[in-house]
Amino acid sequence: MPLTGYARVSTEDQTPLPQVQALTAAGCGRIFEEHASGGNRARPVLARVLEQIRKGDTLVVVRIDRLARSLSHLLEVIERLEAKSAFFRSIEDPIDTASPQGKFTLQVLGAAAEFERALIRERTKAGLASARSQGRVGGNPGLRSRDPAALRKVRLARHDGYMDRLSGTAQDWVPLVRRLRPDMAWEDVLRLVNAPLPPSRQWTQARLLRATRAYVRDGFLPETVLGRAARRDSDDRLPALVAAIRGADPDITLQAICDRLEAMRERTPRGRTTWQPSSVRLLLQRAGKLGML
C-alpha cells in the first residue's frame with residue numbers, strides 16, 4: 001500500500017528533519033512537511049494531504065500529536081480517511097487502522113472520549129443542582145439585566161466558538177469555494193463538497209452559505225465568492241464539474257472521477273447512472289478547449 005508521510009512542527013525555529021527521517025525509514029514515498037500549531041485544525045498542508053489521499057493509501061505520522069492535539073480531531077481525520085478507504089498509522093503509537101489491533105485501539109480511544117464527555121455532563125448537572133438547592137441562580141448577571149456590554153461579549157464568544165468549529169471542517173469546503181465561486185452555482189459546489197464526505201458530515205446549502213459568509217466577514221475568503229453565479233450553457237455544466245474535480249486533485253485518475261460523479265448521482269451525457277473513463281476523458285478534453293483547466 002502506498003505510504004504518505006506527514007511531518008509537523010509548531011514554529012519556524014523547529015526542524016521536521018527527525019520526523020522526515022523516521023517517515024523515510026518507514027517506507028513513505030511522499031512526505032509533506034508543515035509549520036503550524038497542532039491546535040489549529042485548518043492547516044493548508046494537512047488539507048492538501050487529505051485531498052490527495054486515495055483508496056488503499058496509508059497516512060503515516062511519527063506520533064499522534066504530530067497530526068492532532070485532540071482526540072476529536074484525530075477521530076475526525078481518521079473518519080475522512082476511512083471514507084476514502086484509506087488507512088492511518090502512527091509509528092510510535094499502537095495505531096494502524098489497516099490491522100485489527102489498530103482498529104481495536106481506535107475504538108477504545110473513541111469509547112474513552114465518549115465516557116469522558118458523559119462524566120463532564122454529569123458533573124455539570126450535579127453542580128447546577130447543588131447551586132439551585134442553596135438558592136444560587138445560575139447564569140450571567142449581565143445577561144439577566146440585559147447589559148449591552150455583556151450581551152456583546154456573549155455574541156463575540158459565540159462567534160469565536162462557531163469559527164473554531166468551522167476551522168475543523170475548513171479543509172472540506174474552503175478550497176472548493178475559493179476556487180469555484182462565483183463561476184459555479186452553489187448547488188453544484190455543494191455536491192462537489194459533499195461527494196467525498198460520509199453522510200454524517202455532509203453540508204446543507206444553508207449551512208455552507210452561513211459558513212462562507214462568516215469566513216468572508218473575517219477576511220478568510222474574498223467577498224467575490226458571494227457574488228451571483230454567471231449563467232452557464234447547459235452543455236458546459238458537465239465539463240465544468242469534471243474540471244472542478246480534476247482541479248481539486250490534478251493526480252486523480254479517470255476512474256476516481258467516475259466514482260466521484262456517481263457519488264454525486266450525476267448522470268452521463270446520455271442519461272446513464274454509471275460513468276466510464278472514456279466519457280470523463282471526453283469531458284476533460286472539452287473542458288480544456290473551454291479554458292476550464
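Along the sequence shown, residues are numbered consecutively beginning with 1. Being a predicted model, the structure only gives us computed values, none of them experimental.
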Completion exercise
So CZ of Arg213 and CG of Leu226: to nearest 0.5 Å the spacing works out to 6.5 Å
Handout entry: Hydrophobic cluster membership, Val9 vs Leu23, 4.5 Å side-chain cutoff
Key = no
Handout entry: In one Ile/Leu/Val/Met/Phe/Trp/Tyr side-chain cluster, 4.5 Å: Val45, Leu17
Key = no
Handout entry: Side-chain heavy-atom pair Leu3, Arg30 within 4.5 angstrom cut-off
Key = no
Handout entry: Distance in Å, Arg63 CZ paired with Ile95 CD1, rounded so as to fall on 0.5 Å steps
Key = 13.5 Å
Practice task
For the pair Arg66 and Glu34, find out whether any cationic side-chain nitrogen is under 4.0 Å from an anionic carboxylate oxygen.
Solution key: no
Practice task
Could you tell me whether the side chain of Trp275 and the main chain of Ile257 form a donor-acceptor pair under 3.5 Å?
Solution key: no
Exercise for the section: May I ask you to decide whether Arg80 forms a salt bridge with Asp172, counting only side-chain N to carboxylate O separations under 4.0 Å? Expected result: yes
Handout entry: Salt-bridge contact Glu33-Arg8 (side-chain N to carboxylate O under 4.0 Å)
Key = no
Handout entry: Ser200 and Glu79: side chain donor to acceptor below 3.5 Å
Key = yes
Practice task
Any chance you could measure Leu46, atom CG, to Tyr6, atom OH, to the nearest 0.5 Å?
Solution key: 4.5 Å
Problem - Pairwise distance CZ(Phe87) to CG(Leu59) - rounded to 0.5 angstrom - result: 12.5 Å
Fill in the blank from the handout: Rounded to the nearest 0.5 angstrom, the CG-CG distance for Leu261 and Leu192 is 8.5 Å
Problem - Donor-acceptor pair between Tyr215 and Arg210 side chains, under 3.5 angstrom - result: no
Exercise for the section: Using modelled atom types only, decide if a donor and an acceptor are shared between the side chain of Lys84 and the backbone of Gly56 within a distance under 3.5 Å. Expected result: no
Fill in the blank from the handout: So CG of Asp188 and CG of Leu176: to nearest 0.5 Å the spacing works out to 12.0 Å
